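Predicted, not measured: the structure shown is a model, and the values here were computed from it. These numbers come from the heavy atoms of this one structure, side chains and all, not from hydrogens, waters or symmetry mates. Sequential numbering from 1 along the given sequence is applied to the chain's residues.
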Amino acid sequence: MVIIEGEVTDRTSFFGTINFYRLKDKSGEIIVTTTKSLPEMGLNVIVKGKINSAFALGNQKLLVCMEESIEKKDKKEVKEEYQKEGFEK
């Protein structure tokens, strides 16, 4: 189980059955798959899930996080955390 936090920067749904979104933080990006509705673009979230190398793209495997739960973060709380760590948002 992993817990990741970041901003939703992209989201895609295929026929309402395969949903995934891109989550970005200061260290990079990861694709998150979900069976639930997709979070809004620009929303800051905390995701609990499992890491899986489910997608092969040519000779590379793409790491994804399979979402088990998601929690929205308050924008004020996110801003305070970034400022505390010396980053500007």
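- Residue pairs meeting the salt bridge (Lys or Arg N to Asp or Glu O under 4.0 Å) criterion with at least one partner in residues 8-17, sequence neighbours excluded, do not occur; the list is empty.
- Between Lys24 and Glu7 there is no salt bridge, since no side-chain nitrogen of the basic residue lies less than 4.0 Å from a carboxylate oxygen of the acidic one.
- Atom OG1 of Thr34 and atom CD1 of Ile70 lie 7.0 Å apart (nearest 0.5 Å).
- With rounding to the nearest 0.5 angstrom, the OG1 atom of Thr35 is 10.0 Å from the CD atom of Glu68.
- Linking Ile, Leu, Val, Met, Phe, Trp and Tyr whenever their side-chain heavy atoms come within less than 4.5 Å leaves Val32 and Met1 in two separate clusters.
- Rounding to the nearest 0.5 Å gives a distance of 5.5 Å between CG of Leu38 and OG of Ser13.
- Taken to the nearest 0.5 Å, the OG1 atom of Thr33 stands 12.0 Å off from the NZ atom of Lys50.
- Each salt bridge (Lys or Arg N to Asp or Glu O under 4.0 Å) pair with one or both residues in residues 36-48, not counting sequence neighbours, appears once here: Lys36-Glu67.
- If you take NZ on Lys72 and CG on Asn44, they are separated by 12.0 Å, rounding to the nearest 0.5 Å.
- Put simply, the side chain of Tyr21 reaches to within 4.5 Å of the side chain of Val47, judged on heavy atoms.
- Counting heavy atoms from C-beta outward, Val8 and Leu23 have side chains that approach closer than 4.5 Å.
- Separation of atoms CZ (Arg22) and CD1 (Ile30) is listed at 10.5 Å; rounding is to 0.5 Å.
- The closest side-chain heavy-atom distance from Asn19 to Thr12 is not below 4.5 Å.
- Hydrophobic clustering, defined by side-chain heavy atoms of Ile, Leu, Val, Met, Phe, Trp and Tyr closer than 4.5 Å, groups Ile46 together with Ile3.
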